[in-house]
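We name chains A, B, ... by the order of the sequence lines, and we start the count at 1 in each one.
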Amino acid sequence: MQALISQVIGAALSEHGVAVDRGVHVEPARNPEHGDFATNAAMVYAKSSGQNPRALADTIVGYLSAENLPHFDHAEVAGPGFVNIYLKPSWLHDALRGVLTAGPEYGHATLGEHASINLEFVSANPTGPIHVGGARWAAIGDALANLLAAVGYSVHREYYINDAGAQMDLFGLSLQSYITGGEPPEHGYSGQYLADMATTYAAEGLPVDAPMEDIREWGYAQVMAALVQDFDRLGVVFDTWFSERSLHESGQVAEALTTLDDAGLCYEAEGATWLRTTDIGEERDRVLIRSNGTPSYLAADIAYHQSKFDRGFDHLIDIWGADHHGQVASLQFGTSAMGHASGEPEVLLGQMVTLLRHGEEVRISKRSGTLITLGELLDEVDPDAARLTFLLQSLDTTQSFDIGIVASQSMDNPVYYVQYAHARLASIARAAQAAGLSLSSIESLDLSRLDHERERELMAHLVTFPETLQLAAQSRAVHRVTTWVRTLAGLVHGWYHDCRVLTDDPQLSTARLALAEASRSVLANALAILGVTVPDRMERLDEHA
RNA sequence: GCGCCCGUAGCUCAGUUGGAUAGAGCAGCGGACUUCUAAUCCGCGGGUCGGGGGUUCGAAUCCCUCCGGGCGCGCCA
């Protein structure tokens, strides 16, 4: 409908001799008094057409009125030159029919044209449990994958295991000291999880005097197993766990280094090999091969992203913590030097999580061992509550995650508000079935009885779902879906309160049942994208709970 | 010093990519269950959109500048 109106106005302007070079924006009116849709086209093109905005708006109204648009009622000029478009209620009834017909597919799009995306997120050293910051990327990455899939991309979830390099040895030495009771290494890892691992190690009867390498590898396996388990609890499953070591062992890192060198982008100095990142305005060049002969993290990362392209992905997206911001340009430079489009990989930087407990900040540091792990978080906080909390905010804002609030005040957590809306609608469906009420064929439904203001608002919001998904996907902003679904839940609750579905008026009840089913379906669809459980019923809580 | 992000109600955050009277949740106060679930609904109070310039019909949104906060600026990852 929106697109159709935009098209008609565009054609009208062209016919009127106006060059339509900036598109025609038609948006749902925010205020019901402004009709169903509004456009600012008259103000945008006033200058180039040589007319004042209101006169041009009058012209547009004339065209619209003559056009015989479906469901068109009338249009009028408002304010400085807006054109407000009023449609007959039947347009929302038709739209609702469309929602029901599309079912679980409603809102899905073919924007991505099946292009394949490799989405990498969380990626960390396997030297300990994932912490709360990682949990944010896990929730967001998984939901973004769902979102991109919903608009037509083929998405692959990937976790890069940084199992090569000095940190692994430091981890091995640290664990060894816990096992032997010996001196811990300088700047080593510490924390309860290492003590627990040492206990397990002893319980399994493994040799205390084993070489560090063996202990390191044993610990690595332990950490990975725990990682998979924690992600599973959060509902996140990766398609690929990619080992950094494998890149070194297969020679792909060496290969990448050769390619970069052949392109003349490397030089040697101070015993090391450098990448000329100052060529792209970086402050300094970056080391590719250390003076001790080992490739740097950057070298492996360039090879890693090359491997993603080798595996056939059309586009790469990485979600990184903002503390890695400084590495983006070098990696992209390296990737483009390997022959790929500039801007690959697309790196989404997420701001940090400030962990609080009842308003008091908890400093997290993996090496100092004061971390709150994902597992510990999920011991205290319902996984759905955790996920939705992470999906509430934009990646660009630092998130305050108060464990105390998300756990203890779970009554007030938005996740239950949204889930409860679904449970209520599912409850209506059950009651309707018990009463022998069912939806006849969608085409023959008489929806004209849906004329309550609550119903108008609810239907009008359902209509914006497809656009919301597309905008959210294009801007990689999952939280927009969350915002949208919270609004939907609010509208559902309000409607539920004012508009009883099961009445002694069969036509009214049937029409309302259709709206309930459509709302339930879209709600379930949206929650599935967010990765939040969709309950058909929820237990009544105690008064004091 | 340089780069990125942020600053919106007491608190936590949205704000449809520049639109009409800036919103929600929580917290506070006051109302609504003989009903398909009250984990709900309704009402009230609460704002120099960090400050100042600029761009234009129109700015929370774009540009400049200052202030305040976070993160980074390793041959760690």
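Among B:rC71, B:rA38, B:rU16, the nucleotide with an atom closest to any side-chain atom of A:Met352 is B:rC71. The A:Glu244 side chain lies nearest to B:rA77 when the options are B:rA77, B:rU21, B:rC36. The side chain of A:Tyr417 lies closest to B:rU40, out of B:rU40, B:rC36, B:rG15. In this structure, of B:rC4, B:rC13, B:rA77, it is B:rC4 that holds the atom nearest to the side chain of A:His325. Residue A:Arg454 has its side chain nearest to B:rC41 when only B:rC6, B:rC2, B:rC41 are considered. Closest to the A:Gln167 side chain, of the nucleotides B:rA77, B:rU21, B:rU12, is B:rA77. Distances from the side chain of A:Arg500 to the nucleotides B:rU35, B:rG19, B:rG70 place B:rU35 closest. Taking the side chain of A:Ser400 as heavy atoms from C-beta on, and the options B:rC75, B:rU12, B:rG19, the nearest nucleotide is B:rU12. Closest to the side chain of A:Ala78, out of B:rC36, B:rA20, B:rU16, is B:rA20.
Within the 4.0 Å cut-off from OP1 or OP2 of B:rC4, not a single side-chain nitrogen or oxygen of A:His324 is found. For the pair A:Arg284 and B:rC75, the criterion of a side-chain N or O lying under 4.0 Å from OP1 or OP2 is met. Proximity of A:Arg512 to the phosphate of B:rC36: no side-chain N or O atom is located under 4.0 Å from OP1 or OP2. Note on A:Arg290: a side-chain N or O is less than 4.0 Å away from OP1 or OP2 of B:rA77.
No contact: A:Ala429 has no heavy atom under 4.0 Å from any strand. Across all strands shown, A:Glu283 has heavy atoms under 4.0 Å from base atoms, whether or not it also approaches the sugar-phosphate. At the heavy-atom level, A:Gln351 lies under 4.0 Å from base atoms of the strands shown. If you check every strand for non-hydrogen atoms under 4.0 Å, A:Leu471 touches sugar and phosphate atoms only. Using a 4.0 Å heavy-atom cutoff across all strands shown, A:Gln419 reaches no nucleic acid atom at all.
When the P atom is compared between B:rG74 and B:rG3, the two are found 16 Å apart, to the nearest whole Å. Here, B:rC62 and B:rG46 have their C1' atoms 30 Å apart, quoted to the whole Å. Using atom P as the reference point in both B:rU8 and B:rG1, the two lie 24 Å apart (nearest Å). Only the C1' atoms considered, B:rU35 is 32 Å distant from B:rG45, to the nearest whole Å. For the C1' atom pair drawn from B:rC5 and B:rA9, the interatomic distance equals 23 Å after rounding to whole Å. Taking the C1' atoms as reference points, B:rG70 lies 16 Å from B:rG50, given to the whole Å.
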Using atom names, set out every protein N or O paired with an N or O of nucleotides 29-32 of chain B below 3.5 Å, distance rounded to 0.1 Å.
none

Each nucleotide N or O in nucleotides 60-62 of chain B that has a protein N or O under 3.5 Å away: list the pair and distance.
none

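For A:His34 and B:rA20, the ring-to-base geometry satisfies the stacking test (centroid distance below 5.5 Å, interplanar angle below 30°). By the stacking rule of 5.5 Å between ring centres and under 30° between planes, A:Phe82 stacks on the base of B:rA20.
Considering only residues two or more places apart in sequence or on other chains, A:Gln433 meets the side chain to side chain donor-acceptor pair (under 3.5 Å) condition with none of them. Scanning for ring-ring contact (aromatic ring centres under 6.0 Å, His included) contacts around A:Phe390 gives A:Phe401, with sequence neighbours left out. The side chain to side chain donor-acceptor pair (under 3.5 Å) check on A:Ser243 picks up A:Asp163, with sequence neighbours excluded. Taking A:His497 as the reference, nothing meets the ring-ring contact (aromatic ring centres under 6.0 Å, His included) condition, with sequence neighbours excluded. For A:Ser400, the side chain to side chain contact (heavy atoms under 4.5 Å, CB included) partners are A:Leu356, not counting sequence neighbours.
Across residues 42-53 of chain A, A:Met43, A:Lys47 each have a non-hydrogen atom less than 4.0 Å from an atom of RNA chain B (numbered order). Within residues 481-489 of chain A, the residues approached by RNA chain B to less than 4.0 Å at the level of any non-hydrogen atom are A:Thr483, A:Arg486, in residue-number order.
The glycosidic torsion of B:rU48 lies more than 90° away from 0, placing the base in the anti range. Base orientation of B:rC41: anti, since the glycosidic angle falls outside 90° of 0.
The aromatic rings of A:Tyr304 and A:Tyr160 lie parallel to each other, their planes meeting at an angle below 30°, with 60° marking the opposite boundary. Note: A:His461 and A:Trp484 have parallel aromatic rings, judged against thresholds of 30 and 60 degrees for the angle between ring planes.
One donor-acceptor pair, N or O on each side, does fall under 3.5 Å between the base of B:rC75 and the side chain of A:Ser291. The base of B:rA20 sits within donor-acceptor range of the side chain of A:Asn84, with an N or O pair under 3.5 Å. In terms of polar N and O atoms assigned as donor or acceptor, the side chain of A:Asp323 never comes within less than 3.5 Å of the base of B:rG72 in a complementary pairing.
Proximity of A:Gln393 to A:Gln351: side-chain heavy atoms (C-beta onward) are nowhere separated by under 4.5 Å. No side-chain heavy atom of A:Gln51 sits under 4.5 Å from any side-chain heavy atom of A:Tyr45.
Taking every heavy atom of both residues into account, A:Ser246 and A:Gln252 meet most closely at O-NE2, 4.2 Å. Closest approach of A:Gly134 to A:Val122, counting heavy atoms only: O-CG2, 3.8 Å. Across every non-hydrogen atom of A:Ala385 and A:Tyr416, the tightest pair is CB-OH, 4.1 Å.
The pair A:Glu455-A:Arg449 fails the salt-bridge criterion, with no side-chain N (NZ, NE, NH1 or NH2) lying under 4.0 Å from an Asp/Glu carboxylate O. Ion pair A:Glu120/A:Lys308 flagged as a salt bridge, since at least one NZ, NE, NH1 or NH2 atom sits closer than 4.0 Å to an Asp/Glu carboxylate oxygen.
Along RNA chain B, the nucleotide closest to A:Asp396 and the one closest to A:Ile428 are compared, and the more 5′ of them pairs with A:Asp396. Along RNA chain B, the nucleotide nearest A:Thr397 and the nucleotide nearest A:Asn31 are compared for position; the residue whose nucleotide lies closer to the 5' end is A:Thr397.
Side-chain atoms of A:Arg424 do not come within 3.5 Å of backbone N or O of A:Arg537 as any donor-acceptor pair. Under a 3.5 Å cut-off, the side chain of A:Asn84 and the backbone N or O of A:Gly35 do not form any donor-acceptor pair. Checked by atom type and distance alone, the side chain of A:Thr294 never pairs as donor or acceptor with a backbone atom of A:Arg290 at under 3.5 Å.
Residue-environment remark: NE2 (A:His25) stays at or below the threshold of 12 foreign heavy atoms within 6.0 Å.
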Please list every donor-acceptor pair under 3.5 Å in which a side-chain atom of residues 324-332 of chain A meets a protein atom from a residue at least two apart or in another chain.
unit_1, atom_1, unit_2, atom_2, d
A:Ser330, OG, A:Arg286, NE, 3.4
A:Gln332, NE2, A:Pro345, O, 2.9

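The stretch residues 268-281 of chain A participates, sequence neighbours left out, in these side-chain hydrogen bond (donor to acceptor under 3.5 Å, both in side chains) pairs: A:Thr278-A:Asp285.
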In dot-bracket notation, what is the pairing pattern of RNA chain B, taking Watson-Crick (N1-N3 plus N6-O4 or O6-N4) and G-U wobble (N1-O2 and O6-N3) contacts under 3.5 Å, with [ ] crossing and | for other strands?
(((((((..((((.....[...)))).(((((.......))))).....(((((..]....))))))))))))....
